[in-house]
Amino acid sequence: RKEVEQDPGPFNVPEGATVAFNCTYSNSASQSFFWYRQDCRKEPKLLMSVYSSGNEDGRFTAQLNRASQYISLLIRDSKLSDSATYLCVVNSNTGFQKLVFGTGTRLLVSP
Amino acid sequence: DGGITQSPKYLFRKEGQNVTLSCEQNLNHDAMYWYRQDPGQGLRLIYYSQIVNDFQKGDIAEGYSVSREKKESFPLTVTSAQKNPTAFYLCASSGTSGTATGELFFGEGSRLTVL
């Protein structure tokens, strides 16, 4: 089983739609969780951290469910510019704190 | 402006040749990393360095080598021993607590193709 698993998509949504991605992780000792965004053929960039209490940044909301070992990302009022691949990242907390990247979920927002 | 610079952006090599990918940062970050990204796979850690003159193997270090003689620089050599070197290589850096906060700063990547 992969340490971090994501649905690769693509998720095709119209502008203005709400879309949600889930990501599951296998290491129950993981302490920190993040979402990165990667545009086509570009480098990943940190989108937001995921806190136990959930957190919101504008149209983006991230949630953590430790009991079920998954994190989610909700995007409201999708924009064309949201089209990208969203990477789920987990700090594996094994000695040197290693970040484990999921394969990413591709989002395509259409007019 | 501070950032990470990788070069070259695109590189073609013949089988059996070693190639070195450059990574320079002016963010004054202690830690630097090399990742490899293949289609349908997540980023995989090749090597990382927490301080100058020290580095550790990541998950897929075989066929690669690195050096960290200066804080700003962390070059990666892809040797002929690497069985499947065609990939997108990403260099990243973080402050001391970078991996705790999850914030890695990436370069624009180097796309290596073996002919």
Side-chain angles (χ1 to χ4, degrees), chain A residues 1-10 21 23-27 29-52 55 57 60 62 64 71 73 84-106, chain B residues 2-7 9-10 21 23 25 27 29-51 54-61 87-113:
Chain A
R1 183 185 172 187
K2 288 184 180 176
E3 196 165 345
V4 177
E5 294 205 63
Q6 295 182 253
D7 181 340
F21 313 131
C23 161
T24 58
Y25 61 94
S26 60
N27 183 358
S30 298
Q31 297 292 321
S32 310
F33 310 89
F34 314 93
W35 285 102
Y36 273 69
R37 170 192 169 128
Q38 185 174 24
D39 292 306
C40 189
R41 300 179 77 83
K42 298 282 192 180
E43 74 276 21
K45 293 183 181 175
L46 180 65
L47 178 66
M48 59 197 304
S49 302
V50 187
Y51 303 125
S52 296
N55 52 305
D57 182 3
F60 297 82
L64 167 64
I71 68 173
L73 178 67
T85 297
Y86 291 85
L87 307 177
C88 172
V89 184
V90 175
N91 185 327
S92 69
N93 200 33
T94 53
F96 172 70
Q97 296 190 60
K98 189 181 79 171
L99 294 182
V100 181
F101 287 76
T103 56
T105 297
R106 193 162 168 226
Chain B
I4 299 183
T5 302
Q6 285 186 243
S7 63
K9 210 165 184 178
Y10 298 95
L21 308 180
C23 178
Q25 55 102 354
L27 298 166
H29 283 166
D30 290 314
M32 296 187 74
Y33 315 80
W34 274 104
Y35 288 89
R36 169 183 172 140
Q37 187 173 36
D38 296 280
Q41 298 199 42
L43 275 69
R44 292 182 290 166
L45 184 63
I46 303 172
Y47 268 98
Y48 63 94
S49 168
Q50 294 176 269
I51 56 171
D54 187 46
F55 49 82
Q56 284 80 39
K57 293 181 179 179
D59 299 317
I60 55 164
F88 187 43
Y89 290 88
L90 287 157
C91 179
S93 71
S94 67
T96 307
S97 62
T99 54
T101 63
E103 186 148 31
L104 295 182
F105 293 83
F106 284 89
E108 293 187 338
S110 294
R111 203 165 290 273
L112 172 64
T113 303

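Keep in mind it's a predicted model, so treat the numbers as computed, not measured. To find a chain, count down the sequence lines: A is the first, B the second, and so on, and within it residues start at 1.
- In plain terms, the two heavy atoms of A:Q38 and B:F88 that are nearest each other are NE2-CE2, 4.2 Å.
- In this structure, A:Y36 and B:L104 approach most closely via the heavy-atom pair OH-N, 2.8 Å.
- Contacts of B:Y35 with chain A are made by side-chain atoms alone, with heavy-atom separations under 4.5 Å and no backbone atom involved.
- Between the OG atom of B:S94 and the CG atom of A:L46 there is a distance of 12.0 Å, given to the nearest 0.5 Å.
- Neither the backbone nor the side chain of B:R44 comes within contact range of chain A; no heavy atom of the residue lies under 4.5 Å from a heavy atom of that chain.
- Heavy-atom distances place both the backbone and the side chain of B:L43 under 4.5 Å from chain A.
- Both the backbone and the side chain of A:P44 have a heavy atom closer than 4.5 Å to some heavy atom of chain B.
- Annotation: side-chain hydrogen bond (donor to acceptor under 3.5 Å, both in side chains) contacts of B:Q25 (sequence neighbours excluded): none.
- With sequence neighbours left out, the side-chain hydrogen bond (donor to acceptor under 3.5 Å, both in side chains) criterion links A:E43 to no other residue.
- Heavy atoms of B:Q37 lying under 4.5 Å from chain A belong exclusively to its side chain.
- Neither the backbone nor the side chain of B:D38 comes within less than 4.5 Å of any heavy atom in chain A.
- Other residues, nucleotides and ligands contribute only 12 or fewer heavy atoms inside 6.0 Å of the CZ atom of A:R106.
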